[in-house]
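Take a look at the structure set out below.
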Amino acid sequence: MKNKKTHSLYIFLFLVFNVLIIGGSQAQQLTEKHCITHFNLDKGVAIEGYDVVSYFVEDKPQKGKASISAKYLGVIYRFSTKEHRDLFVKNPQKYMPQYGGWCAYAMGAKDEKVDMNPENYKIIDGKLYLFYKNFFTDTLDDWNEDEENLKQKADKNWSEVK
């Protein structure tokens, strides 16, 4: 009887862990079809070919090289170094941009997929957020004025993208 209770407890804890950790990292289950359909891609390449790992380990984002790439869930990611590619392959979701690489501000404020500038970004709680920027507009500034509210809205809006 004791072994059965212990076994049930382990199963329960395993399920709770998966819901909290895995489910909490992305609002919906990522599939290849979802990524190819809804991510901000140019000929299958994420974030205009910028190295997603460079945002976390370098002073500034770097362009990736076509010769150093990896494919994850149907999306091609380019890297400036083989070391960056290897880091990505070990844990892709750690480096993937939020909201499929679309402008975080637009996803929160307008529930729209708006292009971004890959050099206009912010790391929040270990996640990469990208923002639109041109000569007259910098949505990162707008995001910073109401980040908590916009992030909640963007998370909700992105979770409903089908």
Side-chain angles (χ1 to χ4, degrees), residues 21-66 68-81 83-162:
I21 301 301
I22 296 170
S25 66
Q26 290 282 345
Q28 73 270 73
Q29 192 70 354
L30 288 178
T31 64
E32 185 170 319
K33 181 181 178 187
H34 178 81
C35 294
I36 292 170
T37 304
H38 297 293
F39 278 31
N40 185 0
L41 306 176
D42 180 18
K43 297 179 184 165
V45 177
I47 64 171
E48 299 180 15
Y50 274 73
D51 176 346
V52 291
V53 175
S54 70
Y55 289 87
F56 296 89
V57 300
E58 304 292 339
D59 291 337
K60 66 178 188 168
Q62 299 177 349
K63 275 293 248 185
K65 300 173 185 171
I68 308 174
S69 64
K71 196 171 194 177
Y72 180 68
L73 293 174
V75 175
I76 300 166
Y77 294 88
R78 292 185 176 164
F79 304 93
S80 57
T81 69
E83 292 78 15
H84 288 188
R85 181 190 58 206
D86 294 345
L87 286 170
F88 178 83
V89 168
K90 288 179 186 173
N91 190 359
Q93 291 200 17
K94 175 179 180 178
Y95 301 103
M96 291 171 59
Q98 299 302 290
Y99 318 128
W102 297 104
C103 173
Y105 173 81
M107 187 59 63
K110 300 177 182 182
D111 191 12
E112 292 179 1
K113 293 178 183 175
V114 171
D115 211 3
M116 53 72 211
N117 177 327
E119 296 196 13
N120 198 30
Y121 71 99
K122 185 173 185 176
I123 306 289
I124 305 167
D125 297 328
K127 301 288 182 187
L128 174 61
Y129 296 81
L130 299 164
F131 299 90
Y132 175 82
K133 182 178 184 178
N134 70 13
F135 188 74
F136 298 107
T137 305
D138 184 347
T139 60
L140 177 55
D141 292 339
D142 298 328
W143 173 273
N144 286 334
E145 290 176 13
D146 194 17
E147 182 175 293
E148 186 176 334
N149 179 47
L150 288 166
K151 185 178 175 310
Q152 286 177 358
K153 287 180 179 179
D155 289 345
K156 178 184 177 297
N157 293 340
W158 182 248
S159 74
E160 295 171 355
V161 170
K162 302 289 184 230

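For clarity, every value in this text was computed on a predicted model and none was experimentally measured. If you read the sequence from its start, that first residue is 1, and numbering goes on from there.
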Please walk me through it: do N157 and Y99 pass side chain to side chain contact (heavy atoms under 4.5 Å, CB included)?
-> CA-CA 9 Å; N157 293 340; Y99 318 128; over 6 Å; no

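- Around the NZ atom of K63, the shell of radius 6.0 Å holds more than 12 heavy atoms that belong to other residues, nucleotides or ligands.
- Here the closest non-hydrogen pair linking W158 and G100 is CZ2-N, 3.5 Å.
- Residues I68 and T81 are not in side-chain contact: their nearest non-hydrogen atoms beyond the backbone lie 4.5 Å or more apart.
- Taking the six-membered ring wherever Trp is involved, the centroid distance between the rings of Y72 and Y77 does not fall below 6.0 Å.
- W143 pairs by the ring-ring contact (aromatic ring centres under 6.0 Å, His included) definition with Y129, F131, not counting sequence neighbours.
- In terms of the side chain to side chain contact (heavy atoms under 4.5 Å, CB included) criterion, residue partners of K33 (sequence neighbours excluded) are, by chain and number, T31, T37.
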Please tabulate, for the side chains in residues 84-92, all donor-acceptor contacts under 3.5 angstrom to protein atoms that are two or more places apart in sequence or on a different chain.
from : atom 1 : to  : atom 2 : distance (Å)
H84  : ND1    : D51 : OD2    : 2.5
H84  : ND1    : S80 : OG     : 3.4
H84  : NE2    : E58 : OE2    : 3.2

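- Of the candidates K153, E112, K113, M107 forms a side-chain contact (heavy atoms from CB on, under 4.5 Å) with just one, namely K113.
- A distance of 5.5 Å separates CD1 of I47 from CG of L130, quoted to the nearest 0.5 Å.
- Between T137 atom OG1 and D142 atom CG the span is 8.0 Å, to the nearest 0.5 Å.
- With values rounded to the nearest 0.5 angstrom, K71 atom NZ is found 12.0 Å from C35 atom SG.
- Considering every non-hydrogen atom in both F39 and V75, the closest pair reads CD2-CG2, 4.2 Å.
- Taking the side chain as every heavy atom from C-beta outward, Y105 and L140 never approach each other to under 4.5 Å.
- Between A104 and A154, the closest heavy-atom pair is O-CB, 3.9 Å.
- Taken to the nearest 0.5 Å, the OG1 atom of T139 stands 10.0 Å off from the NZ atom of K133.
- Side-chain contact between L128 and F56: present, with at least one pair of heavy atoms (C-beta onward) separated by less than 4.5 Å.
- Residues meeting the salt bridge (Lys or Arg N to Asp or Glu O under 4.0 Å) test with K151, sequence neighbours left out: D155.
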Under 3.5 Å, which donor-acceptor pairs link side chains of residues 118-125 to any protein atom two or more places apart or in another chain?
from : atom 1 : to   : atom 2 : distance (Å)
E119 : OE2    : Y50  : OH     : 2.7
N120 : ND2    : Y132 : O      : 3.3
N120 : ND2    : D138 : OD1    : 2.9
K122 : NZ     : N144 : OD1    : 2.8
K122 : NZ     : E147 : OE1    : 2.5

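- Between N117 atom CG and E48 atom CD the span is 7.0 Å, to the nearest 0.5 Å.
- In this structure, the side chain of S69 does not engage the main chain of R78 through any donor-acceptor pair within 3.5 Å.
- For the pair S54 and P61, the tightest heavy-atom approach, listed with the atom from each and the gap, is OG-CA, 3.5 Å.
- In terms of the salt bridge (Lys or Arg N to Asp or Glu O under 4.0 Å) criterion, residue partners of K156 (sequence neighbours excluded) are, by chain and number, E160.
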